[in-house]
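What follows is a set of notes on a single structure, which appears directly below.
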Amino acid sequence: MLQSNPVPPEPPIENRCPECLFLKLEGNPIWTDLLNRDYRQIELHLTLNFHEEEVKLKWGSVWFGLKRGELRLRLTNARIPYDARNLNDLLTLLVSKDIKTQEGREHQSNLGGSLSAKEPSLKANATEKRTTSRTESFQETTWRVSTKGSEEEPTWVFETDDLFLKGTLPTELLATMDVTAKSCRVEATFEVSRRDVYFSRGEGIWLNHLSRNKQLVIENKLILWWLREKLTPYLSRVELHYD
């Protein structure tokens with residue numbers, strides 16, 4: 001058993017392009033003896049959000065997204081076996097939900113009467129009631145998630161067949177980590193390469209005066225610049241320490 005205070009301070013999180021990718025990693029010890037604060041394992045919980053990132057330029061704006069990326073963990077005095085890893089499958093996420101309501105009126109008439117020898121009578125009663133119809137529409141996206149790497153350096157690969165990754169994964173169990181000694185450390189980085197970046201759209205005067213081939217040349221240069229300035233050596237980084 002490990003006797004220590006495994007609750008770390010607020011982990012340093014670096015999201016260099018938080019609109020394109022927001023990453024958060026948290027660890028929860030699994031206590032074997034709560035009174036003596038003994039533990040052998042730590043559950044790692046992941047929060048991810050993918051979206052487009054706008055880059056403003058002098059002559060307009062361009063938007064980037066990610067088609068693919070890798071979450072790499074580097075562990076010190078800990079390991080994550082393959083059978084302790086989650087998020088290794090297709091994930092379907094709700095991107096947006098639209099609710100439309102429409103009010104109307106419902107008319108109802110009742111006709112009744114009585115027949116007697118003296119005076120027949122006929123009465124009509126009309127009622128009106130407000131009604132509301134509700135229509136919901138959903139937009140979903142699918143991520144493909146796979147895992148690779150060693151027990152000390154596990155990796156999760158996120159990719160999509162859509163134009164780019166989008167949607168939110170809210171605090172899901174990523175893995176259960178076995179702690180082998182004190183001073184456990186987790187470094188998590190989300191890394192992308194040139195082919196993982198998708199130029200989604202652009203706007204500005206320059207788009208109206210250039211051929212598509214010249215636009216592609218500019219797009220590639222912008223992606224390379226963005227890759228060098230924002231994505232190298234990583235897009236996001238988190239550290240967890242357990243002393």
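In what follows, every heavy atom counts, from backbone to side chain, and hydrogens, waters and symmetry copies are set aside. This structure is a prediction, so every number in the text was calculated from the model and none was measured.
Using a 3.5 Å distance cut-off with no hydrogens or angles, the side chains of N49 and T168 do pair a donor with an acceptor. For the 3.5 Å distance criterion, the side chains of E43 and N28 fail to qualify, holding no donor opposite an acceptor. In this model, a donor atom of one side chain and an acceptor atom of the other lie less than 3.5 Å apart for E54 and S61.
When side chains are defined from C-beta on, H45 does not count as touching L25, because their heavy atoms never get closer than 4.5 Å. The shortest side-chain heavy-atom distance between V145 and V157 does not fall under the 4.5 Å cut-off. By the 4.5 Å heavy-atom criterion applied to side chains, L235 and L21 are counted as neighbours. Proximity of D89 to L87: side-chain heavy atoms (C-beta onward) are nowhere separated by under 4.5 Å. Residues L169 and L91 have side chains in contact (heavy-atom distance under 4.5 Å, counting atoms from C-beta outward).
In the hydrophobic cluster analysis, where Ile, Leu, Val, Met, Phe, Trp and Tyr join through side-chain heavy atoms closer than 4.5 angstrom, V62 is grouped together with L231. Tracing side-chain contacts under 4.5 Å through hydrophobic residues (I, L, V, M, F, W, Y), one reaches L75 starting from L174; they form part of the same cluster. The same ILVMFWY cluster, assembled from side-chain heavy atoms under 4.5 Å apart, contains both Y242 and V238. There is a path of hydrophobic side-chain contacts, each under 4.5 Å, that joins L44 to V179. Side-chain heavy atoms closer than 4.5 Å link hydrophobic residues (I, L, V, M, F, W, Y) into clusters, and following such links, possibly through other members, connects I13 to V186.
Look at E191 and R74 and you find a salt bridge, because one of the NZ, NE, NH1 or NH2 atoms lies within 4.0 Å of a carboxylate O, short of that distance. R237 has a carboxylate O that lies under 4.0 Å from a charged side-chain N of E187, or vice versa, which qualifies the two as a salt bridge. Between E153 and R72 no salt bridge is recorded (no basic side-chain N to carboxylate O distance below 4.0 Å).
In plain terms, the two heavy atoms of S150 and R85 that are nearest each other are O-NH2, 3.0 Å. Closest approach of I80 to A175, counting heavy atoms only: CG2-CB, 3.7 Å. The two residues T47 and P170 make their nearest non-hydrogen contact at OG1-C, 4.4 Å. Heavy atoms only, all atoms of each residue included: L240 and E26 are closest at CD1-C, 4.2 Å. Taking each heavy atom of W63 and E52 in turn, the nearest pair found is CB-OE2, 3.9 Å.
A distance-only check finds a donor-acceptor pair linking the side chain of K67 to the backbone of D162 [under 3.5 Å]. When atom types are taken as modelled, the side chain of E53 and the backbone of C20 share a donor-acceptor pair closer than 3.5 angstrom. Put simply, the side chain of R144 never gets that close to the backbone of N88: no donor and acceptor are under 3.5 Å apart. Of the possible donor and acceptor atoms, one in the side chain of Y82 sits under 3.5 Å from a partner among the backbone N and O of G149. T160 places a side-chain N or O within 3.5 Å of a backbone atom of T142 that can act as its donor or acceptor partner. Put simply, the side chain of R68 never gets that close to the backbone of V192: no donor and acceptor are under 3.5 Å apart. Side chain of N15 to backbone of F22: no donor-acceptor contact under 3.5 angstrom is found.
Residue pairs meeting the ring-ring contact (aromatic ring centres under 6.0 Å, His included) criterion with at least one partner in residues 146-191, sequence neighbours excluded, are F50-F190.
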Take E152 and R79, measure what side chain to side chain contact (heavy atoms under 4.5 Å, CB included) needs, and give me the verdict at the end. CA-CA 5 Å; E152 289 75 24; R79 65 186 186 92; 4.0 Å; yes
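Here OG of S236 is found 8.0 Å from CD of E14. Values are rounded to the nearest 0.5 Å.
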